[in-house]
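Structure first, then comments.
In what follows, every heavy atom counts, from backbone to side chain, and hydrogens, waters and symmetry copies are set aside.
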Amino acid sequence: MSTVTKRCYYEVLEIDRSASAETVKSAYRKLALKYHPDRNQGDKEAEEKFKEAAEAYSVLSDAEKRSRYDRFGHEGVRGQGGFNPQDFSDFGDIFGDLFGFGDIFGGSGRGNRPRRGSDLQYELEVDFEQAVFGMSTDIQFPRVESCGSCSGSGAKPGSRPRVCPTCSGRGQVYYQQGFFSVGRTCSACAGSGRVVDQPCEECRGGGTTRKQRKLKITIPAGVDNGTRLRLANEGEAGPAGGPAGDLYVLIRVREHEIFHREGRDLHCEVAINIAQAALGAEIMAPTLEGEQMIKIESGTQHGSRFRLRGKGVPEVNSSRRGDIIVHVNVHVPEKITKEQRKHFEALLLSLPKAELPGKQGFFDKVKEFFV
């Protein structure tokens with residue numbers, strides 16, 4: 001008569017004896033997903049490997065059982081290691097997202113946990129200066145809130161919900177499917193685990209009402225177009241007294257007529273005439289806090305840039321600021337007077353021929369070609 005020898009649980013999960021609890025869970029998850037019956041329908045060998053991995057996990061995931069197993073082997077956990085789906089309270093966490101249902105193995109499950117409310121988004125349009133320097137403002141928006149009359153329970157004041165008799169308060173009902181049970185949301189209580197016999201008149205048993213929420217918010221200095229600010233617990237209330245979601249304020253910044261922003265720096269243009277460019281001058285450049293004088297050196301070329309340090313956009317939640325980059329636009333007059341023409345003609349005769357730096361003139365190249 002032959003006997004079947006069980007494999008070492010560490011060998012089954014393909015881990016070392018020193019493996020941490022997280023490593024044990026990770027190794028089991030990998031094997032369970034590989035050999036799960038839903039992925040291997042009709043494959044008896046895969047089903048047996050799935051059971052074997054589950055049995056190993058049931059022992060090695062329990063500190064007390066694992067200690068006895070390490071000391072005495074399979075004899076130390078005889079009668080405690082076999083595959084029993086009801087022992088696996090965290091299998092729903094492992095398989096729920098994969099197969100689309102909650103706790104497929106029964107146990108405590110997650111169906112009766114308070115569900116979090118929905119997040120909300122509010123778009124706020126602000127001026128360019130308000131985004132740079134920050135601001136405080138009031139916003140108003142509709143949201144679902146816990147009913148003030150029943151405090152979110154859904155039951156008429158003076159009464160209370162009772163445990164759902166169909167699912168015993170778990171929020172799920174279980175159906176046997178092969179060697180494990182499949183959890184489905186309880187239709188009698190819609191997954192809440194509670195039944196309201198005397199509904200609240202204000203919320204009609206829902207536990208929530210829709211109201212206008214007015215809120216004062218602070219926009220920090222330095223936000224940019226597209227910035228999202230998170231206001232915790234200002235979203236919609238969760239059903240059956242569950243925690244509220246969050247409110248996200250999406251910032252939309254209006255364009256500025258003078259400045260455009262690149263990171264923390266601001267860019268703008270100033271125009272000077274050709275005399276100022278040639279001789280140098282002191283001109284006024286714009287900033288968001290008034291004008292500031294800058295010195296134009298003689299010989300300044302079109303497109304030259306001047307930097308006003310610390311006059312740009314603040315870094316959010318910091319005292320540091322970017323710069324203003326002033327781009328010089330040398331303006332050539334379209335019309336000139338007779339007097340101006342005389343001066344320009346005299347200047348034309350006195351100035352050398354203009355050439356690009358480091359480039360040989362076209363006519364000089366022609367002369368060399370024929371020499």
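Checked by atom type, the side-chain pair His260/Glu255 shows no donor-acceptor distance below 3.5 Å. For Thr23 and Ser20, the side-chain atoms include at least one donor-acceptor pair closer than 3.5 Å.
The shortest side-chain heavy-atom distance between Phe133 and Glu289 falls under the 4.5 Å cut-off. Side-chain atoms of Thr337 and Gln340, non-hydrogen and from C-beta on, do get closer than 4.5 Å to each other. Side-chain contact between Thr166 and Cys189 is absent, with no heavy-atom pair separated by less than 4.5 Å. Looking at heavy atoms from C-beta onward, Glu202 lies in side-chain contact with Cys147 at the 4.5 angstrom threshold. Looking at Val270 and Pro286, their side chains come closer than 4.5 Å, going by heavy atoms from C-beta outward. No side-chain heavy atom of Cys164 sits less than 4.5 Å from a side-chain heavy atom of Arg194. Two residues are said to be in side-chain contact when any heavy atoms from C-beta on lie closer than 4.5 Å; Arg320 and Arg264 meet this criterion. Using a 4.5 Å heavy-atom cutoff, the side chains of Ser149 and Pro157 are in contact.
Phe50 has its ring centre less than 6.0 Å from the ring centre of His36. The aromatic ring centroids of Tyr9 and Tyr69 lie less than 6.0 Å from each other.
The two atoms that bring Ala244 and Gly235 nearest to each other are CB-O, 4.2 Å, heavy atoms only. Closest approach of Arg66 and Val24 over heavy atoms only: NH1-CG2, 3.8 Å. Between Cys203 and Thr208, the shortest heavy-atom contact is CB-O, 3.5 Å. Looking at every heavy atom in both residues, Leu308 comes nearest to Ile294 through CD2-CG2, 3.4 Å. Shown here for Gly207 and Cys150, the closest heavy-atom pair between the two residues is CA-SG, 4.2 Å. Minimum interatomic distance between Asp224 and Thr227 (heavy atoms only, all atoms of both residues): O-OG1, 2.8 Å.
A 6.0 Å sphere centred on NZ of Lys216 holds more than 12 heavy atoms belonging to other residues, nucleotides or ligands. Residue-environment remark: CD (Gln292) exceeds the threshold of 12 foreign heavy atoms within 6.0 Å. Counting non-hydrogen atoms of neighbouring residues, nucleotides and ligands closer than 6.0 angstrom, the CD atom of Glu45 reaches no more than 12 such neighbours. No more than 12 heavy atoms of other residues, nucleotides or ligands shown are found within 6.0 angstrom of CZ on Arg204. Atom CD of Gln140 has more than 12 neighbouring heavy atoms from other residues, nucleotides or ligands inside a 6.0 Å radius. Atom CD of Gln212 is surrounded by more than 12 heavy atoms from other residues, nucleotides or ligands within 6.0 Å. At most 12 non-hydrogen atoms from other residues, nucleotides or ligands lie less than 6.0 angstrom from CZ of Arg71.
Asp265 places no side-chain N or O within donor-acceptor distance of the main-chain N or O of Ile324, the cut-off being under 3.5 Å. With Asp127 contributing its side chain and Gln130 its backbone, the two residues share no donor-acceptor pair below 3.5 Å. The backbone N or O of Val253 sits less than 3.5 Å from a side-chain atom of Asn225, completing a donor-acceptor pair. For the pair His74 (side chain) and Arg7 (backbone), a donor-acceptor distance under 3.5 Å is present. Looking at Glu64, its side chain never comes within 3.5 Å of a backbone N or O of Asp62 through a donor-acceptor pair. For the pair Arg305 (side chain) and Arg307 (backbone), a donor-acceptor distance under 3.5 Å is absent. Between the side chain of Asn273 and the backbone N or O of Ala275, at least one donor-acceptor pair lies under 3.5 Å. At least one donor-acceptor pair under 3.5 Å links the side chain of Ser61 to the backbone N or O of Tyr57.
The residues Arg252 and Glu123 are annotated as salt-bridged, a charged nitrogen and a carboxylate oxygen being separated by less than 4.0 angstrom. Contact check on Glu315 versus Arg321 returns no salt bridge, with no Lys/Arg side-chain nitrogen under 4.0 Å from an Asp/Glu carboxylate oxygen. Ion pairing between Asp246 and Arg116 holds under the 4.0 Å rule for side-chain N and carboxylate O. Salt bridge annotation for Glu55-Lys51: absent, with no cationic side-chain nitrogen under 4.0 angstrom from a carboxylate oxygen. Using a 4.0 Å cut-off between a side-chain N of Lys or Arg and a carboxylate O of Asp or Glu, Arg210 and Glu145 do not qualify as a salt bridge. A salt bridge links Arg162 to Asp197: at least one charged side-chain nitrogen sits closer than 4.0 Å to a carboxylate oxygen. In summary, Glu282 and Lys295 do not engage in a salt bridge, as defined by a charged side-chain N under 4.0 Å from a carboxylate O.
Hydrophobic clustering of Ile, Leu, Val, Met, Phe, Trp and Tyr side chains at less than 4.5 Å, counting indirect connections, keeps Tyr248 apart from Val126. No chain of hydrophobic side-chain contacts below 4.5 Å, direct or via other Ile, Leu, Val, Met, Phe, Trp or Tyr residues, connects Val163 to Val196. Under a hydrophobic-cluster definition in which Ile, Leu, Val, Met, Phe, Trp and Tyr are linked whenever side-chain heavy atoms come within less than 4.5 Å, directly or via other members, Ile258 and Ile325 are assigned to different clusters. The hydrophobic clustering, which links ILVMFWY residues whose side-chain heavy atoms are closer than 4.5 Å, places Ile251 and Leu288 together. Under a hydrophobic clustering in which Ile, Leu, Val, Met, Phe, Trp and Tyr are joined whenever their side-chain heavy atoms come within less than 4.5 Å, directly or via other members, Ile336 and Val332 fall into the same cluster.
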**Study point:** Worked verdict on Val330 versus Ile274 for side-chain contact (heavy atoms from CB on, under 4.5 Å)
**Key:** CA-CA 6 Å; Val330 178; Ile274 56 176; 3.7 Å; yes

Practice item. For Ile272 and Ile296, run side-chain contact (heavy atoms from CB on, under 4.5 Å): C-alpha distance rounded to whole Å, both residues' side-chain angles, the deciding distance at 0.1 Å, then the answer. Key: CA-CA 9 Å; Ile272 61 174; Ile296 302 296; 4.0 Å; yes

Check your understanding: Glu14 and Lys30: salt bridge (Lys or Arg N to Asp or Glu O under 4.0 Å), yes or no, with the steps?
Key -> CA-CA 10 Å; Glu14 301 176 359; Lys30 179 180 177 181; 5.2 Å; no

Review point. Hey, mind stepping through Val249 and Arg228 against side-chain contact (heavy atoms from CB on, under 4.5 Å) and telling me if it holds?
Key: CA-CA 5 Å; Val249 179; Arg228 283 209 317 168; over 6 Å; no

Check your understanding: Taking it one step at a time, do Leu250 and Tyr122 satisfy side-chain contact (heavy atoms from CB on, under 4.5 Å)?
Key -> CA-CA 6 Å; Leu250 179 62; Tyr122 183 93; over 6 Å; no

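The CG atom of Leu215 lies 5.0 Å from the CD1 atom of Ile139; values are rounded to the nearest 0.5 Å. The structure places NZ of Lys342 at 8.5 Å from NZ of Lys338, a figure rounded to the nearest 0.5 Å. Interatomic distance, Leu124 CG to Ile217 CD1, rounded to the nearest 0.5 Å: 5.5 Å. Note: Arg143 CZ to Thr209 OG1 = 10.0 Å, rounded to the nearest 0.5 Å. Arg213 contributes atom CZ, which lies 4.5 Å from atom CD of Glu234 (distance to the nearest 0.5 angstrom). The CZ atom of Arg29 lies 10.5 Å from the CD atom of Glu22; values are rounded to the nearest 0.5 Å.
Checked against side chain to side chain contact (heavy atoms under 4.5 Å, CB included), Glu291 has the following partners two or more places apart in sequence or in another chain: Met284.
When each of Leu60, Leu13, Val12 is paired with Tyr28, the side-chain contact (heavy atoms from CB on, under 4.5 Å) condition holds for Leu13 and for no other.
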